[in-house]
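What follows is a set of notes on a single structure, which appears directly below.
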Amino acid sequence: MTAIRNIVILTGAGISAESGLRTFRAEDGLWEDHRVEDVATPHAFRRDPELVQRFYDLRRENVLAAQPNPAHQALARLDREWPGELLIVTQNIDDLHERAGAQRVLHMHGEALSAWCTACDARHHWTGTLLDSPPCPACGAAALRPDIVWFGEMPYEMERIFAALARADLFVSIGTSGAVYPAAGFVQQAAGHGARTLELNLERSLGSSMFDETRLGPASEIVPAWVEEVLR
Ligand code: BV8
């Protein structure tokens with residue numbers, strides 16, 4: 001088996017579930033009691049900006065109140081100690097990877113603690129609310145929206161992600177259902193470039209059959225065990 005030097009890790013809502021942040025595919029399919037298309041599309045924002053701003057103000061509060069769990073801490077340790085290339089590509093808008101100490105992190109779907117001015121294109125670290133249409137700190141316009149990639153919008157840094165997938169020897173997917181693209185297609189891309197592929201999840205995902213190996217269990221248990229193994 002070729003030596004593992006370059007690792008790409010994809011994380012989803014499941015890695016933050018044990019930190020108290022709800023996952024998406026709740027049994028009722030609602031997203032915190034909203035239909036996804038009512039709160040996470042550009043169309044929804046044009047139709048009812050207050051509903052969308054209130055929804056993300058709530059998500060921002062929840063993120064600020066949450067704490068990293070042992071899965072986040074284990075990946076932060078791997079980031080510190082792994083001598084080869086490593087990129088943690090997260091679909092999550094929370095900052096729990098960074099608060100656990102991880103640095104090589106990329107938020108492909110944006111960040112809850114960031115506001116984006118649609119007038120001057122500036123982005124601002126944001127912990128307050130947006131429902132009250134605060135002025136942009138750079139240009140003063142009341143044109144701030146959540147810095148989030150909504151459905152139908154292009155995810156962030158796709159070139160950097162594709163480049164890392166092309167160089168990966170190992171692709172690991174943690175806490176994601178494989179329901180949303182282009183993230184759900186990364187396993188095929190990595191495998192296509194010859195990488196070994198491993199899934200760590202509570203239950204088999206929609207893409208499980210595409211992985212060389214699947215380990216089931218809560219992230220707070222199976223992620224530290226896997227990191228221990230890799231760093232041994
Ligand atoms: C785009 C930010 C053009 C918002 C999000 C191809 C086929 C079909 C459809 C499409 C396609 N290509 C594009 C589409 C359309 C769409 C899409 O995929 N629709 C789906 C619904 C079919 N995709 C898009 O619109 C994307 N944009 O395509 O632009 C383009 C094309 C190519 C290249 C460039 C551009 C944009 C999608 C991004 C939307 N924004 N988030 C916000 O957060 O508010 S997506 C959002 O939903 C999350 O970020 C995440 O990506 C997804 C939720 O999935 P998961 O994170 O996996 O969470 P989920 O709840 O589903 O699953 C949790 C898992 O964890 C479960 O498996 C569970 O078992 C496990 N688990 C639970 N607890 C634990 C656990 N595991 C371990 N331990 C535990 N304790």
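Atoms within each ligand, like the ligands themselves, are counted from 1 in listed order. Computed from heavy atoms alone, side chains included, the values below leave out hydrogens, waters and symmetry copies.
Taking every heavy atom of Ala17 and a limit of under 4.0 angstrom, the matching atoms of ligand 1 come to 73 (N). Those atoms of ligand 1 that come under 4.0 Å of a heavy atom in Tyr56, given as number and element, are 4 (C), 42 (C), 44 (O). Within ligand 1, counting atoms from 1 as listed, the ones closer than 4.0 Å to a heavy atom of Gln91 are 48 (C), 49 (O), 50 (C), 51 (O). Here is the list of ligand 1 atoms found below 4.0 Å of a heavy atom in Pro218: 78 (N). Ligand-side atoms of ligand 1 in range of Glu18: 78 (N), 79 (C), 80 (N), range being under 4.0 angstrom from any heavy atom. Ligand-side atoms of ligand 1 in range of Thr176: 55 (P), 57 (O), 64 (C), 65 (O), 67 (O), range being under 4.0 angstrom from any heavy atom. Short contacts between ligand 1 and Thr23, defined as distances under 4.0 Å to a heavy atom of the residue, involve ligand atoms 60 (O). Ligand-side atoms of ligand 1 in range of Gly175: 63 (C), 64 (C), 65 (O), 76 (N), range being under 4.0 angstrom from any heavy atom.
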- Message: Using side chain to side chain contact (heavy atoms under 4.5 Å, CB included), reason through His107 and Ile93 one step at a time and then give a plain yes or no.
- Response: CA-CA 7 Å; His107 287 265; Ile93 63 173; 5.7 Å; no

- Apply the test salt bridge (Lys or Arg N to Asp or Glu O under 4.0 Å) to residues Arg54 and Asp57: give CA-CA distance (whole Å), side-chain angles for both, the deciding distance (0.1 Å), then the verdict. CA-CA 5 Å; Arg54 197 175 302 113; Asp57 285 355; over 6 Å; no

- Start with the C-alpha gap between Met108 and Gln91, add the side-chain angles, then the distance that decides, and say whether side chain to side chain contact (heavy atoms under 4.5 Å, CB included) holds. CA-CA 6 Å; Met108 72 176 292; Gln91 300 167 80; 4.1 Å; yes

- Message: Using side chain to side chain contact (heavy atoms under 4.5 Å, CB included), reason through Val89 and Tyr156 one step at a time and then give a plain yes or no.
- Response: CA-CA 10 Å; Val89 178; Tyr156 292 157; over 6 Å; no

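Across Ser177, Gly185, Gly110, heavy-atom proximity to atom 62 (O) of ligand 1 is greatest for Ser177. Among Gly152, Ala112, Pro146, the residue whose heavy atom lies nearest to atom 25 (O) of ligand 1 is Gly152. When the heavy-atom distances from atom 69 (O) of ligand 1 to Glu221, Glu203, Arg59 are ranked, the shortest goes to Glu203. Of the candidates Met154, Glu153, Met158, Met108, it is Glu153 that places a heavy atom closest to atom 1 (C) of ligand 1. The heavy atom nearest to atom 67 (O) of ligand 1, out of those in Asn92, Asn201, Ile222, is found in Asn201. Closest heavy-atom approach to atom 14 (C) of ligand 1 within the set Phe162, Phe151, Tyr156, Tyr181: this belongs to Tyr181.
Looking at ligand 1, you won't find any N or O of Phe55 less than 3.5 Å from one of its N or O atoms. Taking any N or O of Leu202, backbone or side chain, at least one lies under 3.5 Å from an N or O belonging to ligand 1.
Using modelled atom types, no side-chain atom of Asn201 and backbone atom of Ile174 make a donor-acceptor pair closer than 3.5 Å.
In Ile148, the part holding a heavy atom less than 4.0 Å from any atom of ligand 1 is the side chain. Contacts between Ser220 and ligand 1 below 4.0 angstrom, taking non-hydrogen atoms only, are absent altogether. Heavy atoms from both the backbone and the side chain of Ala13 come within less than 4.0 Å of ligand 1.
Linking Ile, Leu, Val, Met, Phe, Trp and Tyr residues whenever their side-chain heavy atoms come within less than 4.5 Å leaves Ile9 and Leu106 in two separate clusters.
The 12-atom threshold is exceeded at CD of Glu157, counting heavy atoms of other residues, nucleotides or ligands nearer than 6.0 Å. Summarising the local packing, CZ of Arg167 is surrounded by 12 or fewer heavy atoms from other residues, nucleotides or ligands at distances under 6.0 Å. Under a cut-off of 6.0 angstrom, the local environment of CD in Glu229 is crowded, with over 12 non-hydrogen atoms contributed by other residues, nucleotides or ligands.
The shortest separation from a heavy atom of Ala40 to ligand 1 is not under 4.0 Å, leaving the residue out of contact. Assignment of Pro155 to the shell around ligand 1 is supported, since a heavy atom sits closer than 4.0 Å.
The CD atom of Glu199 sits 8.5 Å away from atom OG1 of Thr176, with the distance rounded to the nearest 0.5 Å. Taken from CG in Asp147 to CZ in Arg123, the straight-line distance is 4.5 Å, to the nearest 0.5 Å. Between the CZ atom of Phe171 and the CG atom of Leu198 there is a distance of 10.0 Å, given to the nearest 0.5 Å.
Ring pair Trp150/Phe45 is tilted by interplanar angle, where 30° to 60° counts as tilted.
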